[in-house]
Amino acid sequence: MGFLFLLWVCGLIAAAVWWVGIGLEQWSVSYGDQPGEFEDLRRRASVALLVAALVATAGPVLIALVAYQLRLVRTAVVFLVLTVVIAVPAVPVAMLAGRDLDPAPAVTTPGPPGHCVEHSGGDTRCPGG
């Protein structure tokens, strides 16, 4: 049980360091002139946040399942409660990060043409004046 707990904590630390590292890269890129690189870093930060939320919620579930299989009922209950406590803020954060990964397509409506469009029949005047 101790090994699983230690593995979970190390996973959380690794995900947090990854996310903070990407944040520092974003900070340094924000002073540059390449907007495509900033969008790539933003996408990577969303992935890191999703991984952190997954590790944060899946770790206690796995520990609780192993504890229950080993007949450590109190330990299983403690880690299930911990899962619920962690999942309350982690699920909305993961949903927002997932929304950043798959943004809704921008709806654009075509406007009037910005130039004169000739009509058939030999008319060379522009419509509307």
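Note that this is a predicted model, so its numbers are computed, not measured.
Cluster membership check: Val93 shares its hydrophobic cluster with Val20, using side-chain heavy-atom separations under 4.5 Å among Ile, Leu, Val, Met, Phe, Trp and Tyr. Clustering ILVMFWY residues whenever any of their side-chain heavy atoms sit less than 4.5 angstrom apart, transitively, puts Leu49 in a cluster other than the one holding Trp18. At a threshold of 4.5 Å between side-chain heavy atoms, the hydrophobic network of Ile, Leu, Val, Met, Phe, Trp and Tyr places Val9 and Trp19 in two separate groups. When hydrophobic clusters are built by joining Ile, Leu, Val, Met, Phe, Trp and Tyr residues whose side-chain heavy atoms come closer than 4.5 Å, directly or via intermediates, Leu7 is not grouped with Ile86. Linking Ile, Leu, Val, Met, Phe, Trp and Tyr whenever their side-chain heavy atoms come within less than 4.5 Å leaves Val78 and Leu4 in two separate clusters.
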Output a table of donor-acceptor pairs, distance under 3.5 Å, between side-chain atoms of residues 51-67 and any protein atom two or more places apart or on a different chain; print 'none' if there are none.
residue	atom	partner	partner atom	Å
Thr57	OG1	Ala53	O	2.9
Thr57	OG1	Leu54	O	3.4

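Here CZ of Phe79 is found 15.0 Å from CZ of Arg74. Values are rounded to the nearest 0.5 Å. Rounded to the nearest 0.5 Å, atoms CD (Glu25) and CG (Asp40) are 9.0 Å apart. Put simply, OG1 on Thr75 and OH on Tyr68 are 13.5 Å apart, with the number rounded to the nearest 0.5 Å.
Every residue meeting the ring-ring contact (aromatic ring centres under 6.0 Å, His included) condition with Phe5, not counting sequence neighbours, appears here in chain and number order: Trp8.
Contact between Val85 and Pro89 at its shortest, heavy atoms only, is O-CD, 3.2 Å.
Around CE of Met95, the count of heavy atoms belonging to other residues, nucleotides or ligands within 6.0 Å does not exceed 12.
Looking only at side-chain heavy atoms (C-beta outward), Val84 and Leu80 stay at 4.5 Å or farther from each other.
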